[in-house]
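Contents: one structure, followed by commentary.
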Amino acid sequence: QVQLVESGGGLVQAGGSLRLSCAASGRLFSINCMGWYRQAPGKQRELVANITSGSTTNYADSVKGRFTISRDNAKITVYLQMNSLKPEDTAVYYCNANIRTSWRQVSADYWGQGTQVTVSS
């Protein structure tokens, strides 16, 4: 019913940049908050950044000043611009969106399949 497709991950040297994209499709009655989480090996999944439908943003302290989240409501896409990348940013990055699929349904969280970001020192 709902698909979140991520792109833009890869391998980059420390200090470099990457831009992640996540496009939503399917039954999309309304989309509330969209965001990015990450999970490094042996660690719990953590919030990186999210953005509300009104464009209010929230960032993890570890990425403030380096990452920027944005969304294009016309394209139903959320982006994560990652600058000044550090080896500790290495993780699988997951797109998340809180979506209502019809007026009858309450909203629910949906996840993308994840994209690997590797930062070499």
Side-chain angles (χ1 to χ4, degrees):
Q1 287 189 337
V2 173
Q3 295 83 39
L4 298 178
V5 179
E6 299 132 335
S7 60
L11 173 65
V12 65
Q13 288 189 331
S17 298
L18 284 173
R19 188 192 194 208
L20 305 182
S21 300
C22 172
S25 62
R27 296 188 63 182
L28 307 173
F29 179 77
S30 66
I31 302 178
N32 303 314
C33 196
M34 300 183 78
W36 292 92
Y37 287 71
R38 67 186 181 187
Q39 188 167 18
K43 294 188 176 182
Q44 288 190 329
R45 190 173 297 189
E46 62 176 2
L47 173 69
V48 176
N50 58 26
I51 182 168
T52 68
S53 56
S55 296
T56 298
T57 58
N58 176 50
Y59 295 92
D61 287 343
S62 59
V63 306
K64 282 181 181 177
R66 301 188 297 122
F67 291 10
T68 302
I69 190 169
S70 61
R71 67 191 275 175
D72 184 331
N73 290 326
K75 295 181 179 180
I76 323 176
T77 300
V78 63
Y79 305 96
L80 186 68
Q81 178 66 44
M82 305 185 293
N83 298 329
S84 302
L85 282 160
K86 304 175 180 180
E88 51 263 43
D89 294 317
T90 295
V92 177
Y93 284 68
Y94 296 91
C95 176
N96 168 270
N98 186 260
I99 296 171
R100 194 176 175 189
T101 56
S102 77
W103 66 270
R104 294 185 181 90
Q105 302 295 325
V106 297
S107 61
D109 278 340
Y110 293 85
W111 294 90
Q113 79 284 359
T115 185
Q116 177 71 46
V117 171
T118 302
V119 184
S120 63
S121 57

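What you see is a predicted model, and the numbers here were worked out from it, not measured in a lab. We use all heavy atoms of the structure for the numbers below, so side chains are in, but hydrogens, waters and symmetry mates are not.
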Lys86 bridged to Asp89 by N-O distance under 4.0 Å: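 A salt bridge is absent here (no side-chain N lies under 4.0 Å from a carboxylate O).
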Once rounded to the nearest 0.5 Å, what's the spacing between atom [atom1] of [X] and atom [atom2] of [Y]?
X: Gln113; Y: Gln3; atom1: CD; atom2: CD; answer: 11.0 Å
X: Gln105; Y: Ser30; atom1: CD; atom2: OG; answer: 11.5 Å
X: Gln1; Y: Ser102; atom1: CD; atom2: OG; answer: 8.5 Å
X: Leu4; Y: Thr77; atom1: CG; atom2: OG1; answer: 10.0 Å
X: Trp36; Y: Asn96; atom1: CH2; atom2: CG; answer: 10.5 Å
X: Tyr110; Y: Leu28; atom1: OH; atom2: CG; answer: 9.0 Å

Can you name the closest pair of heavy atoms from [X] and [Y] and give their distance?
X: Cys33; Y: Asn50; value: SG-CB, 3.6 Å
X: Thr115; Y: Glu6; value: N-OE1, 4.1 Å
X: Tyr59; Y: Lys64; value: O-CE, 3.4 Å
X: Leu47; Y: Asn58; value: CD2-ND2, 3.5 Å
X: Ala49; Y: Leu80; value: CB-CD1, 4.3 Å
X: Arg71; Y: Ile51; value: NH1-O, 3.2 Å

Is there a chain of hydrophobic side chains (I, L, V, M, F, W, Y, each step under 4.5 Å between heavy atoms) that links [X] to [Y]?
X: Ile69; Y: Leu18; answer: yes
X: Val2; Y: Met34; answer: yes
X: Val119; Y: Val48; answer: yes
X: Ile99; Y: Ile76; answer: yes
X: Val12; Y: Met82; answer: yes

Evaluation steps, side chain to side chain contact (heavy atoms under 4.5 Å, CB included), between Ser62 and Arg38: CA-CA 12 Å; Ser62 59; Arg38 67 186 181 187; 3.4 Å; yes
Taking Ser84's backbone N and O only, do any of them form a donor-acceptor pair with Arg66's side chain (distance below 3.5 Å, no angle check)?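 Indeed, once roles are kept as given, a pair shorter than 3.5 Å links the two residues.
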Side chain to side chain contact (heavy atoms under 4.5 Å, CB included) for Cys95 and Val78? Distances and angles first, verdict last. CA-CA 8 Å; Cys95 176; Val78 63; 3.9 Å; yes
Flag side-chain contact, heavy atom, 4.5 Å: Leu85 against Gln13: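 A side-chain contact is absent here, since even the closest heavy-atom pair is not under 4.5 Å.
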Does the side chain to side chain donor-acceptor pair (under 3.5 Å) test come out yes or no for Asn32 and Ser53, once each step is laid out? CA-CA 5 Å; Asn32 303 314; Ser53 56; 5.2 Å; no
Over 60° means perpendicular and under 30° means parallel, so tell me whether Tyr37 and Trp111 are parallel, tilted or perpendicular.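 Answer is perpendicular, since the angle exceeds 60°.
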